[in-house]
Amino acid sequence: MCSGGSKEAVVATAAAVANSKEIDKQLKKEEEANLDTAKLLLLGTGETGKSTILKQMRLIHGVVFTEDEYIGFRSAIFMNIITCAKSLIHAMETLQIPYGFVPPFVPPVVDPNAGEGEGGGINDAPQPTTEASADPAAQTTSAANPSDPNDPDDPPEPMLKRNDPAAIAAREAYALIDPEKGQTGPVVDAAALIKGVNIRFGFVKGETLPANIIDAAKLIWGDSGVQYCYTRANEYQLIDCCAYFMNDIDRVCHPEYMPGEQDILNARMMTTSITETKFEVQGVTFRVFDVGGQRSQRKKWAPYFDDVRAIIYLVAMNSYDQVCFEDASANRMTESLNVFKSMCNHPMFKSTAIILFMNKIDLFRTKLETAMITNYFPEFQGPNTYERGSEFFARQFLQLNKNPEKKIYVHFTWATDTKQIKKILTMVNEIILSSNMASIGLM
Ligand SMILES: Nc1nc2c(ncn2[C@@H]2O[C@H](COP(=O)(O)OP(=O)(O)OP(=O)(O)O)[C@@H](O)[C@H]2O)c(=O)[nH]1
Ligand SMILES: [Mg+2]
């Protein structure tokens with residue numbers, strides 16, 4: 001029998017209606033709040049360019065840098081110069097390269113797949129000069145690599161830089177150095193000075209590197225052996241802004257120097273605490289979280305995973321031949337693929353837009369001239385070109401997505417190039433805004 005007439009039932013119904021109205025009100029409030037804000041995470045492994053993209057967002061959306069930040073960037077740039085000089089000096093010893101070493105001519109990288117489609121074929125590659133062929137070091141290597149480059153069934157083994165004639169010649173020259181006396185000369189003295197440097201910078205205006213350190217860093221960078229060592233940077237840890245600042249030491253070490261936009265974008269500071277930056281796009285507040293990408297930092301990510309509208313996941317395209325800063329046994333690209341796999345399939349990101357920034361395309365292009373992808377990713381097929389390489393790596397990431405419904409947006413980016421990033425971020429904003437609308441059923 002219906003109990004609609006009882007007093008208790010009427011009270012209970014009224015309470016339920018009030019409660020439901022309250023819930024509706026609350027939901028409406030939340031929807032409005034959701035529509036007003038979009039939470040965005042910048043994710044990726046270490047040194048992939050997350051903070052650089054955040055700097056670009058700040059420049060583009062007018063979140064100005066404070067004076068303290070400018071001074072912080074300037075200090076970071078001085079430290080970048082010292083760090084680079086120290087890394088190069090250390091690598092000269094570990095790779096066994098003498099100061100003043102001039103590498104013999106080394107033919108460009110042998111590409112067993114070149115000739116198919118785009119990219120120069122083996123037959124187009126400049127041949128070794130007679131001088132280089134007469135070099136016993138060069139003969140050792142060609143004996144170890146006897147394939148006939150014209151025989152499609154027996155393609156030559158791609159050669160790693162540490163085994164090429166220049167590397168062998170460097171080691172031979174290094175072996176001739178008297179172990180008692182070592183090398184002598186102004187560059188060696190400069191290296192000894194830099195090795196002993198232990199400076200920290202505060203927030204003092206006009207503070208710069210001492211003149212003797214500036215001169216020492218310039219001498220090191222100008223040495224032919226160090227320049228050769230720089231070409232083998234994938235064999236040790238060297239930050240990507242090395243050439244940018246080392247080529248411009250006089251300008252950035254001037255006492256009146258304050259970093260410009262391009263300097264700020266190139267300055268390297270490892271992120272060790274998560275920051276939130278807010279700016280408005282078409283009436284929506286974007287809350288952007290920049291996290292540290294190295295293994296120890298990734299433990300801090302999870303508390304930021306709720307209610308994320310979009311993830312920009314950064315990949316350093318040029319890292320395919322590098323090992324991780326925090327683990328010399330892990331390839332950087334493989335590490336990035338593993339982290340992407342768990343992020344893109346994470347249950348909390350079911351309805352989160354995933355935007356993949358295949359970054360550092362400028363450095364990727366340069367690297368392809370001397371480093372074969374197939375040496376590090378044997379499944380790579382085809383010529384060692386930008387088109388093939390970028391398509392291959394993007395596919396490696398996309399195929400990790402286990403949800404066919406999920407759309408992953410891919411952009412090939414150059415994070416230090418404001419013009420390019422401005423265009424890409426406009427497209428990204430559109431994706432985020434429409435995903436914001438879709439999240440509350442308005443699209
Ligand atoms: N040439 C070039 N350099 C880049 C590019 N993207 C980033 N860099 C440089 O790479 C270095 C590392 O970039 P960051 O933005 O600090 O990397 P991150 O992902 O924030 O690194 P963590 O904070 O350690 O996780 C900086 O010196 C940047 O200037 C790029 O597309 N091209
Ligand atoms: Mg960072």
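In listed order, ligands and their atoms are each counted from 1.
- Taking a 6.0 Å sphere around CD of Glu256, one finds it holds 12 or fewer heavy atoms contributed by other residues, nucleotides or ligands.
- Salt bridge annotation for Arg74-Asp263: absent, with no cationic side-chain nitrogen under 4.0 angstrom from a carboxylate oxygen.
- Residues that satisfy the salt bridge (Lys or Arg N to Asp or Glu O under 4.0 Å) test with Asp215, not counting sequence neighbours, are absent from this structure.
- Remark: Lys39 is positioned above the aromatic ring of Phe289, its terminal NZ or CZ atom under 6.0 angstrom from the ring centre and at most 45 degrees off the axis.
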Please produce the table of protein N or O atoms sitting under 3.5 Å from N or O atoms belonging to ligand 1, one pair a line, distance to 0.1 Å.
residue: ligand 1; atom: 1 (N); partner: Asp362; partner atom: OD2; Å: 2.7
residue: ligand 1; atom: 6 (N); partner: Asn359; partner atom: ND2; Å: 3.1
residue: ligand 1; atom: 10 (O); partner: Lys360; partner atom: NZ; Å: 3.1
residue: ligand 1; atom: 13 (O); partner: Thr52; partner atom: OG1; Å: 3.4
residue: ligand 1; atom: 15 (O); partner: Ser51; partner atom: N; Å: 3.3
residue: ligand 1; atom: 15 (O); partner: Thr52; partner atom: N; Å: 2.9
residue: ligand 1; atom: 15 (O); partner: Thr52; partner atom: OG1; Å: 2.5
residue: ligand 1; atom: 16 (O); partner: Arg268; partner atom: NH1; Å: 2.9
residue: ligand 1; atom: 17 (O); partner: Gly49; partner atom: N; Å: 3.2
residue: ligand 1; atom: 19 (O); partner: Thr48; partner atom: N; Å: 3.1
residue: ligand 1; atom: 19 (O); partner: Thr48; partner atom: OG1; Å: 3.4
residue: ligand 1; atom: 19 (O); partner: Gly49; partner atom: N; Å: 3.0
residue: ligand 1; atom: 19 (O); partner: Lys50; partner atom: N; Å: 3.0
residue: ligand 1; atom: 19 (O); partner: Lys50; partner atom: NZ; Å: 2.7
residue: ligand 1; atom: 20 (O); partner: Ser51; partner atom: N; Å: 3.0
residue: ligand 1; atom: 20 (O); partner: Ser51; partner atom: OG; Å: 3.0
residue: ligand 1; atom: 21 (O); partner: Glu47; partner atom: N; Å: 3.0
residue: ligand 1; atom: 21 (O); partner: Arg268; partner atom: NH1; Å: 3.0
residue: ligand 1; atom: 23 (O); partner: Thr271; partner atom: N; Å: 2.9
residue: ligand 1; atom: 23 (O); partner: Thr271; partner atom: OG1; Å: 2.9
residue: ligand 1; atom: 24 (O); partner: Arg268; partner atom: NH1; Å: 3.3
residue: ligand 1; atom: 24 (O); partner: Arg268; partner atom: NH2; Å: 2.9
residue: ligand 1; atom: 25 (O); partner: Lys50; partner atom: NZ; Å: 2.7
residue: ligand 1; atom: 25 (O); partner: Gly293; partner atom: N; Å: 2.7
residue: ligand 1; atom: 27 (O); partner: Asn266; partner atom: O; Å: 2.9
residue: ligand 1; atom: 29 (O); partner: Leu265; partner atom: O; Å: 2.7
residue: ligand 1; atom: 29 (O); partner: Asn266; partner atom: O; Å: 3.2
residue: ligand 1; atom: 31 (O); partner: Asn359; partner atom: OD1; Å: 3.1
residue: ligand 1; atom: 31 (O); partner: Lys360; partner atom: N; Å: 3.3
residue: ligand 1; atom: 31 (O); partner: Ala415; partner atom: N; Å: 2.8
residue: ligand 1; atom: 32 (N); partner: Asp362; partner atom: OD1; Å: 2.9
residue: ligand 1; atom: 32 (N); partner: Asp362; partner atom: OD2; Å: 3.4

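- A salt bridge links Arg232 with Glu235: the distance from a Lys NZ or Arg NE/NH1/NH2 to an Asp or Glu carboxylate oxygen falls below 4.0 Å.
- Excluding waters, the set of protein N, O or S atoms lying under 2.8 Å from the Mg ion (ligand 2) comprises Ser51 OG, Thr271 OG1.
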Exercise. Could you go through the side chain to side chain contact (heavy atoms under 4.5 Å, CB included) check for Ser319 and Phe364 one step at a time?
Key: CA-CA 8 Å; Ser319 68; Phe364 179 60; over 6 Å; no
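- A centroid separation of 6.0 Å or more is found between the aromatic rings of His90 and Tyr236.
- With salt bridges taken as basic N to acidic carboxylate O contacts below 4.0 Å, none links Glu261 and Lys55.
- Screening residues 352-364 for salt bridge (charged side-chain N to carboxylate O under 4.0 Å, His left out), with sequence neighbours left out, gives Asp240-Lys360.
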